[in-house]
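Sequential numbering from 1 along the given sequence is applied to the chain's residues. Any value given below was found using the heavy atoms of this structure, including those in side chains, with hydrogens, waters and symmetry copies removed.
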Amino acid sequence: MVAGHPLKVEVASNEEALQQGLMFRKSLGREEGMLFVFGEPAYHSMWMKNTLIPLSVAFLDADGRILNILDMEPQTLDTHTAAGPAVYAIETNKGWFAANKVKPGDKVTGLPGSGEHGRVK
């Protein structure tokens, strides 16, 4: 659950999946997203090169607490960086976090293990 809201996520945990992310996709379901599992805490960054849909990203610490949430525009090279050492990030449709009143400090529970598809619950 993302602050009490279910979100179906694909998991990107290997180097290829982490680099590919949601690039080249033309749509994303309303309650869907991608969970990035970085492994090591760091000030990770995202960009939107070759990404066709507007997204929001939430960076999470090792405990699943949201560090910051940023909106990202399609096909841009702007970097969007974690506000602290992040171990995870969740990308979903732009505005999903705001529409669900999810904010920094909120908790994500049920983070799946690497290589799995699942629902963050």
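In this structure the side chain of Asn50 never reaches within 4.5 angstrom of the side chain of Gln75, judged on heavy atoms. Side-chain atoms of Phe97 and Thr92, non-hydrogen and from C-beta on, do get closer than 4.5 Å to each other. Side chains of Thr51 and Pro74 form no contact here, defined as non-hydrogen atoms less than 4.5 Å apart. Considering only heavy atoms from C-beta on, Glu91 comes within 4.5 Å of Met72 through its side chain. Side chains of Leu55 and Met48 form a contact here, defined as non-hydrogen atoms less than 4.5 Å apart.
Nearest heavy atoms, Asn93 versus Leu28: ND2-O, 3.3 Å. Taking all atoms of both residues into account, the shortest heavy-atom contact from Ile66 to Ala58 is CG2-CB, 4.2 Å. When all heavy atoms are compared, the tightest approach of Ala82 to Tyr43 is O-CD2, 3.3 Å. Considering all non-hydrogen atoms of both residues, Ile53 and Lys26 come closest at CG2-O, 3.3 Å. Across every non-hydrogen atom of Trp96 and Arg30, the tightest pair is CD1-O, 3.4 Å.
At most 12 non-hydrogen atoms from other residues, nucleotides or ligands lie less than 6.0 angstrom from NZ of Lys49.
By the rule that hydrophobic residues join a cluster once side-chain heavy atoms approach within less than 4.5 Å of another member, Val11 and Leu7 end up as members of one cluster. In the hydrophobic cluster analysis, where Ile, Leu, Val, Met, Phe, Trp and Tyr join through side-chain heavy atoms closer than 4.5 angstrom, Val57 is grouped apart from Leu35.
Residues that satisfy the side-chain hydrogen bond (donor to acceptor under 3.5 Å, both in side chains) test with Asp71, not counting sequence neighbours, are Ser56. Residues meeting the side chain to side chain contact (heavy atoms under 4.5 Å, CB included) test with Pro104, sequence neighbours left out: Ile69. Residues satisfying the salt bridge (charged side-chain N to carboxylate O under 4.0 Å, His left out) criterion with Lys103, sequence neighbours excluded, are Asp106.
Side-chain N or O atoms of His80 include none that pairs as donor or acceptor with a backbone N or O of Trp47 at under 3.5 Å. Gln20 places no side-chain N or O within 3.5 Å of a backbone atom of Ala17 that could act as its donor or acceptor partner. Judged purely by atom type and a 3.5 angstrom limit, Asp61 uses its side chain to pair as donor or acceptor with the backbone of Asp63. Of the possible donor and acceptor atoms, one in the side chain of Asn68 sits under 3.5 Å from a partner among the backbone N and O of Ala83. Judged by distance alone, the side chain of Asn100 and the main-chain N or O of Val102 form no donor-acceptor pair under 3.5 Å.
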>> Pair Lys107, Arg65 - check side chain to side chain contact (heavy atoms under 4.5 Å, CB included), show working.
In response: CA-CA 4 Å; Lys107 182 93 171 177; Arg65 190 137 332 260; 3.7 Å; yes
> Could you walk me through whether Met34 and Val9 pass the side chain to side chain contact (heavy atoms under 4.5 Å, CB included) check?
Replying inline: CA-CA 5 Å; Met34 181 169 278; Val9 295; 5.8 Å; no
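Expressed to the nearest 0.5 Å, how far CE of Met46 lies from CG of Leu70 amounts to 10.5 Å. Here the OG1-NE2 distance, from Thr81 to His44, works out to 11.0 Å after rounding to the nearest 0.5 Å. Going from atom CD1 of Ile90 over to atom CZ of Phe36 covers 10.5 Å, rounded to the nearest 0.5 Å.
A salt bridge is absent between Arg25 and Glu32; no separation between the charged side-chain nitrogens and carboxylate oxygens falls under 4.0 Å.
Between Phe59 and Phe38, the ring planes lie parallel to each other; the angle is under 30°, not in the 30° to 60° tilted range.
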